[in-house]
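Remember, it's a predicted structure, so these values are computed and weren't measured experimentally. Chain letters run A, B, ... following the sequence lines, proteins first and then strands; every chain starts at 1.
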Amino acid sequence: MRQRASRPNQSGRFLSVRFVILTLIGFLLAGGAGAGAYFLPALAAARQITDVGPPNLGSVTQPSAPVIDVSGNLQPFTVLLLGSDNDAKFDPNQVLTQSMILVRVEPATHKVAMFSIARDLYVPIPQNGTAKIDKAYAFGGAKLAMATVQQNFQVRIDNYVWIGLEGLVKLIDMVGGVDLVTSNPVLDDYYPDDIHSSDPYGYTRVAVLPGAQHLDGIHAMQYVRSRHSDLRGDFGRSVRQQQVLLALRTKAKSLTAADIPDLASTFNGQLKTDLSLDRIRALLPVAAKVQTQDVKQTTLLNYTVGENIGGEDVLLPSDWAAIHALVHQDFPS
Amino acid sequence: MVGFGYGVYHYLESLKSRVTTEKAVAPAKAKFSLPGSVFVAQGGALYRLRAGSFQQIANGGWTQPSPGPPNQLLAVKRDAQFSDLYLLDYDGHVVKQLTHNANTDVHLNHWSFYPHLSGDGQTVYYSWDPKDPGNFYRVDLAVYAMPVDGLQRQARAWTDPNQYTGGDVQPAPLKSGGLIYAKFGLTPDGKNISQLWLTTRARATGTPLTKEEDGCAQPALSPDGKRLAMVCTAAGQPSKLTVADFDGKALGPATVVATGLVAAPGWAPDGNGLLYLSALDTTGHFQLFFQDLTAPAAPAVPATAKPTGPATPLPVPSPKPARQLTTNNDYDATSAPTWLAG
């Protein structure tokens, strides 16, 4: 009787345990599916944005510095930020870089240095003769742009981030706009009307008024892209670009991992980088701790001379030794 | 289980940061009432705040309301590629279009901003961009003046802007007939500067009221003309809302009454307080604040400059904390609030 009675009990217990296990697995799968559905856009975008498209440049490129040292500390590193017109005027794979900014991050001291490179700087481009530096990306993608900057400025670059016009507009809108004190009235009667326009060669008028204000993506783009009515031309624009980057960093402090899907879907091909997820994850707490006064901003203003070469207005470095001394204050070779 | 998965999805969604989910809203009720009416701009609409409630009076590109002739406002209507000055009644109806800046050739359009009525109510001062026939790329604003009941072709320039800097903006007419305005420029080493200037007649050189390095702009004269509010942003620093005595020729001791991302001061009709806009949190939405300037008076701090020279704002906090009128609006910070007694 006991034996007979015990069989159903053992069987029942086994069924109960199996039921509980299956239920737990079911919930885990369901939860995983929910999380997967949430983060799926991010995973898809991660595959899309990690693109280097390299030509073989031999010794002019250098391996990235280790992300973290043996003590577990995030190592200092240098990123080349590239911003491009990527409208219908250009082959999507051969765009010029309107903006080139070297950024050095010192995680231990929370110090950041930014150095803007003038787009019209006339320099040797590895395996491509001499041309404006903004053509390096068009000739050979991010790797050639990195190699060109490394070779000419004698600095080490660990990673790059490339962003297209629409990508920057969308990013700024996605974080709710940027808040900053615009430095002066930025007016331009010949501002490119190439976003959401049927004529990529069209022009429009823009006016960004001075003072503290909240700018959405389109107006922030107007502020950083306009150059015709600035006495400093591209140098003035570089200063404004650095200002908006800092304002964007302030907003980025508030982002969480739950924002990643929105960010990923925002870019949709407008962002490319070789930054590893490890480095991005390690960067987030550093970005939150950097104070504005710990950010050093530099441009090449007063280090170049204007020249016309082959009918093209370019900037020639006035003294490479002085430029190297300036750059090496913050960016190691 | 399907419900659990759905719940996980929405739980993760709930962890999104506020910056990605915050949306601008229509003006909500003020936290306390002010006497009279306050006119503000938000998202291309003009609102009238009266007895603690906002009422939209005009919509579609409107900004920068300021006091006009009796029972009227001056305001800017902004299109994508030009802007014009208008006279409106307090219900937002157009009384008169003062400027006509649209042109079939987009590059021949003009901008008009920052309208202010002269002390005698006969003249409108504003910023306008004249064309440079020698260089089409140059677009700098200059301060112009035109009769309020006249035509735009009667307007004449009052200032000569520094070239390729953005120019001269934000005229604040004096009762005596002079003008304070913000002039933008560049230092020899290429840094942007803004400085308040005083000029007593059209095209006169004038005199600086503030130092280049203080980065002052957005002048607002008190109703009696004896105090000047301004926003100063020394390079790389937060903005400072500053008030200084003004004797008609120079600024006296200056007091900082608010810091941070502050903008657009506008005086109370009795001169005893200031309205201004400030963004306090990560949303970047500018809210309306009131700073009481009545006794106990903010301590006067001796300016380091000579009495006849430009005053230097000093970082001395006001003894009275500012009161925040709104919490979830999103005002246009390039448009100062206009506070009228009626």
Side-chain angles (χ1 to χ4, degrees), chain A residues 23 26-27 29-35 37-39 174-190 203-207 209-215 228-233 235-236 239 250-259 261-263 292-293 297 299 301-302, chain B residues 1-2 4-9 12-20 22 80-83 106-107 109 111 113 129 136-141 163-167 169 182 184 186 189-190 192 194 217-218 231 233 236 238-239 261-264 277-279 282-286 330 332-334:
Chain A
T23 304
F27 273 107
L29 287 174
Y38 187 78
F39 286 109
M174 190 257 166
V175 300
V178 288
D179 317 317
L180 70 167
V181 182
T182 55
S183 55
N184 59 306
V186 173
L187 309 163
D188 197 336
D189 278 2
Y190 290 87
Y203 288 95
T204 187
R205 304 181 82 224
V206 298
L209 298 180
Q213 58 192 290
H214 182 76
L215 293 178
H228 293 125
S229 196
D230 190 319
L231 194 61
R232 300 161 299 174
F235 296 111
V239 172
T250 304
K251 278 298 183 70
K253 283 181 184 179
S254 309
L255 294 177
T256 70
D259 294 315
D262 278 357
L263 275 171
T292 304
Q293 62 267 24
Q297 299 171 257
T299 71
L301 185 64
N302 300 329
Chain B
M1 283 182 209
V2 171
F4 178 71
Y6 186 75
V8 167
Y9 183 94
L12 289 168
E13 197 171 38
S14 73
L15 297 179
K16 281 184 188 177
S17 62
R18 280 182 64 214
V19 294
T20 65
E22 190 76 25
Q81 307 194 65
F82 64 91
S83 60
V106 66
H107 304 301
N109 288 338
W111 302 108
F113 292 114
D129 57 325
F136 294 122
Y137 280 160
R138 185 186 167 204
V139 194
D140 290 313
L141 295 166
Q163 293 194 8
Y164 297 96
T165 61
V169 297
F184 285 83
L186 291 167
D189 61 347
N192 290 104
S194 60
Q218 304 180 46
V231 176
T233 308
S239 303
L261 211 56
V262 293
L277 303 176
S278 181
T282 56
T283 66
H285 293 173
F286 281 79
D330 185 15
D332 175 356
T334 64

_Gap separating the CG atom of D140(B) from the CG atom of L231(A), nearest 0.5 angstrom_ = 9.5 Å
*Spacing of CZ belonging to F286(B) relative to CD belonging to Q213(A), to within rounding of 0.5 Å*: 7.5 Å
*With chain B, which of L215(A), T182(A), T204(A) has the greatest number of heavy-atom pairs at distances under 4.5 Å?*
T204(A)
*Checking heavy atoms, do the side chain of L180(A), its backbone, both or neither come under 4.5 Å from chain B?*
backbone
*Identify which part of T165(B) has an atom lying under 4.5 Å from any heavy atom of chain A, answering side chain, backbone, both or neither.*
backbone
*To the nearest 0.5 Å, what is the distance between CG (D179(A)) and CG (L261(B))?*
6.0 Å
*Does any heavy atom of chain A fall under 4.5 Å from the side chain of D129(B), the backbone, both, or neither of them?*
side chain
*For V206(A), is it the side chain, the backbone, both or neither that has a heavy atom under 4.5 Å from a heavy atom of chain B?*
backbone
*Answer with side chain, backbone, both or neither: which region of A264(B) has an atom nearer than 4.5 Å to a non-hydrogen atom of chain A?*
neither
*asked:* If I measure from the heavy atoms of chain A, does Q81(B) come under 4.5 Å with its side chain, its backbone, both, or neither?
replied: both
*Output the option from V169(B), V231(B), N109(B) having the highest count of non-hydrogen pairs under 4.5 Å with chain A.*
N109(B)
_Only pairs of heavy atoms separated by less than 4.5 Å count here; which of A207(A), G211(A), S183(A) has the most with chain B?_
A207(A)
*How long is the span from the CZ atom in F113(B) to the CG atom in L209(A), to the nearest 0.5 Å?*
4.5 Å
*asked:* Within this structure, what is the CG-CG distance for the pair D189(B) and N302(A), rounded to the nearest 0.5 Å?
replied: 7.5 Å
*So, for A212(A) and S239(B), which heavy atoms are closest and what is the spacing to 0.1 Å?*
CB-OG, 4.4 Å
_Please check if the number of heavy atoms outside Y203(A) that lie under 6.0 Å from its OH is greater than 12._
no
_Side-chain donor or acceptor of H107(B) paired with backbone N/O of D189(A) under 3.5 Å_ = yes
_Smallest separation among heavy atoms of R232(A) and G190(B), with atom names_ = NH1-O, 2.9 Å
_Distance-minimising heavy-atom pair for T334(B) and P210(A)_ = CG2-O, 4.4 Å
*For S229(A) and Y137(B), which heavy atoms make the closest approach, and how far apart are they?*
CB-O, 3.6 Å
*Side chain / backbone / both / neither for L186(B) at chain A, heavy atoms under 4.5 Å*: side chain
